[in-house]
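The structure appears below as structure tokens.
The shown structure was predicted, so the numbers you read here are calculated from the model rather than taken from an experiment.
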Amino acid sequence: MATALLYSPPSHLSFSSPKPHIFSFNTSSPSSISPSHLSRHFNTAQTLRFPSKTRCITPVAEGIISRELSEIYKSCNLWNWRGFNISYLVKGNGSGPPLLLVHGFGASIAHWRRNIDILSEKTTVYAIDLLGFGASDKPPGFTYTMETWAELILDFLAEVVKKPTVLVGNSVGSLACVIAASESNGDLVRGLVLLNCAGGMNNKAIVDDWRIKLILPLLWLVDFLLKQRRIASAIFERVKQRENLKNILISVYGNKEAVDDDLVEIIKKPAEDDGALDAFVSTVTGPPGPSPITLMPKISVPVLVLWGDEDPFTPIDGPVGKYFSSLPSKIPNLKLFILPGTGHCPHDDRPDLVHEKLIPWLEQLD
């Protein structure tokens with residue numbers, strides 16, 4: 001008997017119109033649900049994104065990446081946090097308040113490749129690989145939560161930066177920054193910049209959307225399947241293939257020319273590390289964490305919100321996007337700009353548009 005499984009991509013987290021994807025298997029034959037079968041029938045180009053990352057300490061083989069990217073890798077340092085090695089970069093010594101750049105799910109320090117140099121002309125720029133990503137440790141079996149990443153950010157500010165800092169986050173990284181800012185006593189966070197902020201760690205965060213409610217039981221079924229090691233491994237192996245990764249990235253970028261070989265390597269290389277699969281499964285299947293809708297009223301520092309208008313994951317007309325669109329009329333310390341022709345990762349997709357809004361905003365904080 002053939003059984004079909006619907007799957008909606010993990011949105012980060014507010015599809016305007018979630019489109020379930022289908023793959024099938026024959027329940028009368030155990031071999032039909034083998035990892036190879038599932039990987040053949042899984043539509044990787046439109047489904048999963050993975051906690052993949054670039055190894056900041058050890059560059060990839062010569063000739064595969066650009067000199068610019070290689071220099072970023074070589075410039076990274078390690079900081080010990082609760083017994084784990086956390087990779088970070090620091091550049092610049094300008095007079096403005098320091099910045100901490102926090103990547104999204106599946107990205108790393110190198111995802112800020114088009115921003116670090118120009119921003120470091122104005123101030124000191126820090127960038128960090130969250131635990132489970134990039135060159136940071138990926139402990140096997142670790143349970144990842146949004147709260148853990150927020151604690152990491154606050155400890156990094158206290159122990160490494162040691163100055164009031166502007167947090168700049170993308171996607172899930174934005175949400176981690178919101179949580180950190182909401183929990184800060186005011187001495188650590190100077191401002192907040194959110195680039196297409198996620199609604200939660202995974203799409204179970206948006207159950208208030210009727211479209212998600214309809215498929216929520218199926219999402220739980222997908223969670224169950226991903227907790228089966230062989231199935232999760234098969235899907236993970238297929239999606240992290242170079243061509244599949246490129247197709248996924250093209251689907252979430254407005255500027256398709258920004259999806260180059262370096263970007264694919266940024267996502268692919270850390271996915272080869274031990275513990276990368278565990279990080280992916282834990283992130284996709286874990287609790288979504290606090291909602292920015294409940295946290296933003298607690299934020300008193302200046303906030304800049306930049307939103308790509310072609311984001312398929314957190315569209316501006318989705319629940320989270322609509323919420324942030326309503327905030328400028330309610331929160332006087334918040335500014336919002338919609339970036340045309342831009343997808344889920346504005347800083348790498350169309351960095352000029354981001355810098356055009358971000359740099360003047362930062363100068364007003366001095």
- Query: Could Asp278 and Arg229 be called an ion pair, given the rule that one side-chain N must be under 4.0 Å from one carboxylate O?
  - Reply: yes
Please answer whether the main-chain N or O of [Y] pairs with a side-chain N or O of [X] as donor and acceptor at a distance below 3.5 Å.
X      : Y      : value
Ser120 : Gly92  : no
Asp262 : Ser66  : yes
Thr342 : Asp309 : no
Asp129 : His103 : no
Thr285 : Val281 : yes
Ser136 : Ser87  : yes
Arg350 : Gly341 : yes
Asn244 : Arg238 : yes
Thr165 : Lys163 : yes
Asn333 : Val301 : yes

Enter the distance from [X]:[atom1] to [Y]:[atom2] here, rounded to the nearest 0.5 Å.
X      : Y      : atom1 : atom2 : answer
Ser108 : Leu130 : OG    : CG    : 10.0 Å
Ile128 : Ile153 : CD1   : CD1   : 7.0 Å
Ile293 : Ser326 : CD1   : OG    : 8.5 Å
Phe324 : Asn196 : CZ    : CG    : 10.0 Å

- Query: If every non-hydrogen atom of Ala198 is compared with every non-hydrogen atom of Thr314, which pair is closest and at what distance?
  - Reply: CA-CG2, 4.2 Å
- Shortest non-hydrogen contact from Gly132 toward Ala279: O-CB, 3.7 Å
- Dump the intermediate steps for side-chain hydrogen bond (donor to acceptor under 3.5 Å, both in side chains) on Thr148 and Thr145, then the final yes or no. CA-CA 5 Å; Thr148 298; Thr145 66; 2.8 Å; yes
- Would you mind telling me which of Trp81, Tyr88, Trp149 makes a ring pair (Phe, Tyr, Trp, His ring centres under 6.0 Å) with Phe156? Tyr88
- Give me the ring orientation class for Tyr253 and His111: parallel if the planes are under 30° apart, tilted from 30 to 60°, perpendicular past 60°. tilted
- Message: Test side-chain contact (heavy atoms from CB on, under 4.5 Å) on Ser184 and Leu154; report intermediate values, then the result.
- Response: CA-CA 7 Å; Ser184 171; Leu154 289 175; 4.1 Å; yes
- Query: Considering the options Leu358, Val354, Val168, which one meets the side-chain contact (heavy atoms from CB on, under 4.5 Å) requirement together with Leu119?
  - Reply: Leu358
